[in-house]
Amino acid sequence: MTANLQSPVIHHADNLTDKEFRLFRELIYEQTGISLSEHKRALVYSRLGKRLRFHGLKTYLDYYNYILNKDTTGTELVEMINAITTNKTSFFREDFHFKFLSETLFPALKKNALSHHTKTINIWSAGCSTGEEAYTIAMALSEAFPDNFGWHVKILATDIDTNVLKKAYDGIYPMENADQIPNNLLLKYFHKGRGENNGFFRAADKLRDLITFQQLNLLDTKWHHKQKFDIIFCRNVIIYFDKKTQHELIHRFQDNLVLDGYLMLGHSESLHGQETNLVNLGKNIYQINRTN
Ligand SMILES: C[S@@+](CC[C@H](N)C(=O)[O-])C[C@H]1O[C@@H](n2cnc3c(N)ncnc32)[C@H](O)[C@@H]1O
């Protein structure tokens, strides 16, 4: 008799089959709107591989079944989503949007307030990641409206990812990121960490007090805000969505903007070919079309 030299079929965590990849792509799309193309296989493999090993599971299918059938708490679905999101951000990223606030929009609002505009400004950082965008907006607001002078200024900062939101809320950043902030603003609005916080800097309460952080899935059709926004920042978020999801979201943003409100998109995002009620003012600054 010849010995059977064929080794038994062993599943390794480093093997993401076509079926497993498809199942995760569908689940991620359904839960987050993130549309992963075929060439994102390595990303799924590496980011979810960590979760799979964390639970001591052998295959991606085991992990998929664990999320959907075994984990009755729903915690692992949240962790899977946290692992799959891309959170790259920085202070003053695409800084022309903040220049627009400081040099054009805020002066105009101040001027209008003398006649008809209420002294209220609501801004939403949708897909805020670790918070740098919201803190940059808070600096622009604080500079334009020092000590408020009767203005009510508020920022809502939301993200689907609970890990980044926690960091955003804490407002503590590694010292190597400090050079993203002009020195005068760094000194005015941040504290240098001491002792165990050595090597970090923290947003001062005068910035933190302007911001409410909240978990929010942009795909969730139930979100509803009490007030409309003067400006919505949704930068470098819709790039991960397909056209259909983008279209639905943009229309919901429109409904949540004041009559002459603004939507800021990331530099590589565009509404080209989408039917909207927004006019592109350049640099991906969109404003509700007032002539309609
Ligand atoms: C690349 S970051 C952009 C951060 C910041 N807006 C900027 O431009 O620097 C994209 C963020 O969108 C969030 N995101 C992705 N899908 C989302 C969804 N369905 N609902 C809410 N946030 C989502 C991610 O968690 C991530 O933090």
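As the structure lists them, so they are numbered: ligands from 1, and atoms in each ligand from 1. Along the sequence shown, residues are numbered consecutively beginning with 1.
Taking the six-membered ring wherever Trp is involved, the centroid distance between the rings of F106 and F145 falls below 6.0 Å.
At a threshold of 4.0 Å, the pair K70-E76 does not count as salt-bridged, since none of the basic side-chain nitrogens sits closer than that to a carboxylate oxygen. Using a 4.0 Å cut-off between charged side-chain N and carboxylate O, D255 and R252 make no salt bridge. Ion pair R235/E133 flagged as a salt bridge, since at least one NZ, NE, NH1 or NH2 atom sits closer than 4.0 Å to an Asp/Glu carboxylate oxygen. With respect to the salt-bridge test (charged N to carboxylate O, under 4.0 angstrom), the residues K283 and E94 do not qualify.
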Candidate pair F98 and F233, rule ring pair (Phe, Tyr, Trp, His ring centres under 6.0 Å), full reasoning: CA-CA 11 Å; F98 307 105; F233 279 75; 5.7 Å; yes
Check the pair T158 / W124 against side-chain hydrogen bond (donor to acceptor under 3.5 Å, both in side chains), numbers first and verdict last. CA-CA 8 Å; T158 65; W124 180 12; 2.9 Å; yes
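For atom 3 (C) of ligand 1, the nearest protein heavy atom (residue, atom name, distance) is R235 O, 3.5 Å. Of the protein's heavy atoms, T89 OG1, 2.5 Å lies nearest to atom 9 (O) of ligand 1. Distance from atom 20 (N) of ligand 1 to its nearest protein heavy atom, with residue and atom name: L218 N, 2.9 Å. Residue, atom and distance of the protein heavy atom nearest to atom 23 (C) of ligand 1 are I160 CG2, 3.5 Å. R93 NH1, 3.3 Å is the protein heavy atom nearest to atom 7 (C) of ligand 1. The single protein non-hydrogen atom nearest to atom 8 (O) of ligand 1 is N236 ND2, 2.8 Å, given as residue, atom name and distance. Ranking protein heavy atoms by distance to atom 2 (S) of ligand 1, first place goes to T86 O, 3.4 Å. Atom 12 (O) of ligand 1 has its closest protein heavy atom at V237 CG2, 3.6 Å.
Contact atoms of ligand 1 toward L216: 20 (N), 21 (C) (distance under 4.0 Å to a heavy atom of the residue). For ligand 1, the atoms closer than 4.0 angstrom to any heavy atom of T85 are 24 (C), 25 (O). Close approach to D161 involves these atoms of ligand 1, each under 4.0 Å from a residue heavy atom: 25 (O). Proximity to S129 (heavy-atom distance under 4.0 Å) selects the following atoms of ligand 1: 4 (C), 27 (O). Residue-ligand proximity, E133 to ligand 1, at heavy-atom distances under 4.0 Å covers atoms 5 (C), 6 (N), 7 (C), 8 (O). Within ligand 1, the atoms closer than 4.0 Å to a non-hydrogen atom of K88 are 1 (C), 2 (S), 3 (C), 4 (C), 9 (O), numbered from 1 in the order shown.
Ring pair F91/Y173 is perpendicular by interplanar angle, where above 60° counts as perpendicular and below 30° as parallel.
Annotation: side chain of D242 is not in contact with side chain of Q246 (no heavy-atom distance under 4.5 Å).
A donor-acceptor distance shorter than 3.5 angstrom exists from the side chain of D159 to the backbone of S129, with no hydrogens or angles considered.
Distances shorter than 4.0 angstrom do not occur between any heavy atom of N82 and any atom of ligand 1.
Looking at D159, D220, L265, V164, it is D159 that brings a heavy atom closest to atom 11 (C) of ligand 1. If you check each of G33, G127, S125 against atom 4 (C) of ligand 1, the one with the closest non-hydrogen atom is G127.
For S90, no nitrogen or oxygen atom sits less than 3.5 Å from a nitrogen or oxygen atom of ligand 1, counting backbone and side chain alike.
The two atoms that bring S142 and Y189 nearest to each other are CB-OH, 3.3 Å, heavy atoms only.
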